[in-house]
Amino acid sequence: NGGCEVLILMEFCAGGDLIDRLECRRGELPLTEERILHFLSVLCRTLSFVHSCGILHRDLKPSNIFVTKNDATVKLGDFGLAATGLSRRRLNGSPRRHSRCGTNMYMSPEVEARRPYGAASDTYGAGCVLLELLLHSQLRERRAAEARREAVSAAGKLPERRQGRQRATAAAPLVAA
């Protein structure tokens with residue numbers, strides 16, 4: 001260790017994280033459309049600022065967005081997976097950025113596929129958060145990303161003559177009941 005310590009100091013956010021707020025765990029009323037739009041506006045401005053500083057968050061999700069007292073505003077936290085010191089070119093999808101990191105449910109297709117990605121992958125995560133805010137509930141994965149890919153791949157490799165029925169059967173686990 002060499003005597004080195006890393007400490008993270010954050011403002012206390014009395015509203016908990018966005019999951020707490022979505023589920024009204026503190027007995028508050030559901031978020032209004034006006035509050036949702038305010039939260040989204042703050043989140044977009046925050047991401048724009050973070051990206052202008054050469055930082056990719058890479059794990060944007062409700063449990064990393066904190067709500068202040070009385071729903072005044074939201075704060076972006078947990079930069080543990082962030083990539084820093086990026087140039088504008090690298091923020092727009094550097095061919096060198098291929099690592100697969102983040103949370104599957106909020107991971108952009110290019111990150112999941114280990115293709116070059118940039119700031120747009122954080123925007124994808126923000127879109128997932130917006131969807132949850134509009135639905136007033138968390139998104140739920142029915143299958144792990146790896147199993148999902150295998151099922152889609154298997155459906156694409158079925159023989160042509162019986163393709164219709166077999167593809168429908170192979171894709172059935174991907175469809176919500």
Side-chain angles (χ1 to χ4, degrees), residues 8-84 86 88 91-93 97 100-113 115-145 147-149 151-152 171-177:
I8 297 174
L9 179 65
M10 268 184 59
E11 173 184 350
F12 174 70
C13 292
D17 64 29
L18 205 50
I19 293 173
D20 293 336
R21 190 58 190 89
L22 277 172
E23 296 178 357
C24 301
R25 290 182 181 164
R26 290 175 169 76
E28 61 276 275
L29 295 173
L31 289 168
T32 64
E33 187 175 309
E34 181 181 2
R35 252 327 67 186
I36 290 170
L37 291 174
H38 172 70
F39 285 0
L40 179 63
S41 174
V42 169
L43 183 59
C44 288
R45 287 193 316 269
T46 301
L47 272 180
S48 178
F49 176 75
V50 166
H51 293 158
S52 75
C53 294
I55 300 170
L56 286 178
H57 189 277
R58 303 196 316 171
D59 196 21
L60 195 66
K61 59 185 177 183
S63 62
N64 290 339
I65 300 169
F66 302 95
V67 182
T68 60
K69 186 176 183 177
N70 299 323
D71 294 339
T73 194
V74 290
K75 310 267 181 168
L76 183 58
D78 191 355
F79 283 77
L81 293 177
T84 61
L86 303 176
R88 183 170 300 283
L91 275 169
N92 290 324
R97 180 130 339 267
R100 187 175 185 275
C101 63
T103 304
N104 285 340
M105 196 70 222
Y106 307 92
M107 192 179 292
S108 68
E110 59 270 22
V111 173
E112 187 176 347
R115 293 192 315 260
Y117 64 89
S121 62
D122 282 348
T123 304
Y124 181 92
C128 293
V129 170
L130 171 61
L131 180 59
E132 289 181 325
L133 286 170
L134 294 173
L135 294 173
H136 291 278
S137 67
Q138 277 189 272
L139 299 173
R140 302 274 189 233
E141 275 191 286
R142 296 225 170 252
R143 300 185 64 149
R148 205 171 53 234
R149 270 197 312 275
V152 170
L174 305 177
V175 179

Is any side-chain heavy atom of [X] less than 4.5 Å from a side-chain heavy atom of [Y]?
| X | Y | result |
| --- | --- | --- |
| Leu43 | Leu130 | no |
| Ile65 | Lys75 | no |
| Glu11 | Phe66 | no |
| Val67 | Cys13 | no |
| Leu60 | Leu47 | yes |

Checklist outcome for this item: Heavy-atom nearest pair, Leu31 first then His136, reads O-CE1, 3.0 Å
Checklist outcome for this item: Of all heavy-atom pairs linking Tyr106 and Tyr124, the shortest is O-CD2, 3.7 Å
Checklist entry - So, the side chain of Asp59 versus the backbone of Ala82: is there a donor-acceptor pair under 3.5 Å, distance only? => result no
Item to check | Non-neighbouring partners of Phe79 that pass ring-ring contact (aromatic ring centres under 6.0 Å, His included), sequence neighbours left out | outcome: His57
Item to check | Between CG on residue Leu76 and CE on residue Met10, distance to nearest 0.5 Å | outcome: 9.0 Å
Checklist entry - How long is the gap from CG on Asp17 to OG on Ser63, to the nearest 0.5 Å? => result 6.0 Å
Checklist entry - Can you check side-chain contact (heavy atoms from CB on, under 4.5 Å) on Glu110 and Ser121, steps first, answer last? => result CA-CA 8 Å; Glu110 59 270 22; Ser121 62; 4.1 Å; yes
Checklist entry - Can you list the residues that meet the side-chain hydrogen bond (donor to acceptor under 3.5 Å, both in side chains) rule with Ser52, with sequence neighbours excluded? => result none
I'd like a table of donor-acceptor pairs (distance under 3.5 Å, sequence neighbours excluded) in which one partner is a side-chain atom from residues 33-40, with atom names and distances.
from	atom 1	to	atom 2	distance (Å)
Arg35	NH1	Asp71	O	2.6
Arg35	NH1	Ala72	O	3.1
His38	NE2	Ala72	O	3.1

Checklist entry - Under a 4.0 Å N-O cut-off, is there an ion pair linking Glu23 with Arg25? => result yes
